[in-house]
Number of protein chains: 2
Amino acid sequence: MAIPRAAKTLRRTRIQEEKEEQILEAALDVFSARGFRGSTIDQIAEVAGMSKPNLLYYFRTKEAMHRALIDRVLYTWLEPLRAFDAEGNPEEEIRSYIRRKLEMARDFPRESRLFANEVLQGAPHIEDELKGPLKELVDEKAEVIRAWTKSGKIAECDPYHLIFSIWSTTQHYADFDVQVRAVLGQEHAGEGRFEDAARFLEQLFIGGLRPEGS
Amino acid sequence: MAIPRAAKTLRRTRIQEEKEEQILEAALDVFSARGFRGSTIDQIAEVAGMSKPNLLYYFRTKEAMHRALIDRVLYTWLEPLRAFDAEGNPEEEIRSYIRRKLEMARDFPRESRLFANEVLQGAPHIEDELKGPLKELVDEKAEVIRAWTKSGKIAECDPYHLIFSIWSTTQHYADFDVQVRAVLGQEHAGEGRFEDAARFLEQLFIGGLRPEGS
DNA sequence: TGTAATGTTTACCAATCGGTCAAATATCCG
DNA sequence: CGGATATTTGACCGATTGGTAAACATTACA
């Protein structure tokens, strides 16, 4: 009789490693496209190319799958903000933060939509992460920004709303991708839209944050 | 035998009027909070305070309910953009567009989340609206903005990405409300956050779009 | 190689899903 | 009033949901 899900052996098998990877990859596909409630285990199983009970051998419940996925993706997702450097040049830090976030929207749209779905529906599974680690990180970086404004390196502004606006403008290109494509039309909806967006956003934020009288 | 759903009488009954209103109000509650697939007719019926078959007497299917809701909300939702006036003062037009969108995020967050859910999940029910009426309206307003840049009233910039950035920054306060509250913490998450956001966004966009050398 | 542990599948379950039906009830109007 | 029409409901349907049980197959390793 197998005691499932790595409870028995401390070391995880090669098969465990591979299958869990496979499942989480499929789960990312499905959860990001349909949200937690809108997704079914069967869909994930089909994408993963295995049977439903086989999925449930590795993850006891649908919730457990979702949780494992969130945990895995969250750290990576906050990396750009973590890289925000107090010692760096403010203009260049903001510029590269925008660029990095935009690259993530382009290269990891599923991860963006996973969180967007979750937050949009009230964040029932990640409330703690938002109020804990996320808030702490943002508080820390907000202090950095505030120091920049105090010393006149960038215009006086609310650092929290600055961060929100960078998040929203960049993630927009992942979360609202279909709308962006629909509005831009076939002629402008190619991959070049990310470069156009980068150009515009850098202009917007650098110009909008330029200290008075410079 | 009743031929249901207003197919029989051309004039709609008072009861029809009221009940359909009641249902759509409840449907907005549920669809906006859980997305189309994540919502159930039973949930809507409970919120509406009537039995499931009664809902289905007024709307044949779950899809029909969703469609009626979208149709009803879409026109209102685009009103602020429609108000964008080519003859007005660019700075003031942009400022008031931001303010109006922010007011809608504050006063009609469910409507915002309804569309966000829909678009996020690939806009399976509103693709035509995006590619048709929405695109046309945006194209029209993009021309207005382009005229402003050509005449030097605002800085040279991509009008489409400008519109996207106003959409995303303002709707963020409705769609990602729980995240905004979590990060701001109890002390700053009061209704004042909308005024702070308005102040920041006006500064950002007005500053960021100020024509070179002025 | 043998065997215990690990991994996979078929068959199934109760609950819930969207939706139907016929009977019961309320409303309208002459 | 009374009958026609409009509205509401409980009981029910087949399909799908998340999840289980147990038989079966494969792997690792002494």
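All values below were derived from every heavy atom in this structure, side-chain atoms included, with hydrogens, water molecules and symmetry-related copies excluded. These numbers were taken from a predicted model, which means no experiment stands behind them. Naming: A, B, ... by sequence-line order, numbering from 1 per chain.
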Cationic tip of A/Arg82 above A/Tyr75 ring, under 6.0 Å, 45° of axis: yes

I need the [atom1]-[atom2] distance between [X] and [N], as an integer number of Å.
X: B/Arg37; N: D/dG18; atom1: CZ; atom2: P; answer: 13 Å
X: B/Asp42; N: D/dG10; atom1: CG; atom2: P; answer: 13 Å
X: A/Leu56; N: D/dA22; atom1: CG; atom2: P; answer: 17 Å
X: B/Gln22; N: D/dT8; atom1: CD; atom2: C1'; answer: 13 Å
X: A/Phe59; N: D/dG18; atom1: CZ; atom2: C1'; answer: 16 Å
X: B/Tyr58; N: C/dG18; atom1: OH; atom2: P; answer: 20 Å
X: B/Lys19; N: C/dT25; atom1: NZ; atom2: C1'; answer: 13 Å
X: B/Ile41; N: D/dA15; atom1: CD1; atom2: C1'; answer: 14 Å

B/Asp196 with B/Arg193: basic N within carboxylate O range, under 4.0 Å: no

Basic-acidic side-chain contact under 4.0 Å: A/Glu103, A/Arg106: no

Heavy-atom donor-acceptor pair, A/Lys52 side-chain to D/dG18 base, under 3.5 Å: yes

Proximal nucleotide (of D/dT20, C/dC21, D/dT7) relative to the B/Gln16 side chain: D/dT7

A/Lys62 side-chain proximity, nearest of D/dG18, D/dT7, C/dA11: D/dG18

Looking at [X], I'd like to know whether one of its side-chain N or O atoms comes within less than 4.0 Å of OP1 or OP2 on [N].
X: B/Asn54; N: D/dT9; value: yes
X: B/Tyr57; N: C/dG19; value: no
X: A/Ser51; N: C/dT8; value: no

Any donor-acceptor N or O pair under 3.5 Å, side chains A/Gln43, A/Asp29: no

Stepwise side-chain contact (heavy atoms from CB on, under 4.5 Å) check, B/Phe108 with B/Val73: CA-CA 10 Å; B/Phe108 306 103; B/Val73 165; over 6 Å; no

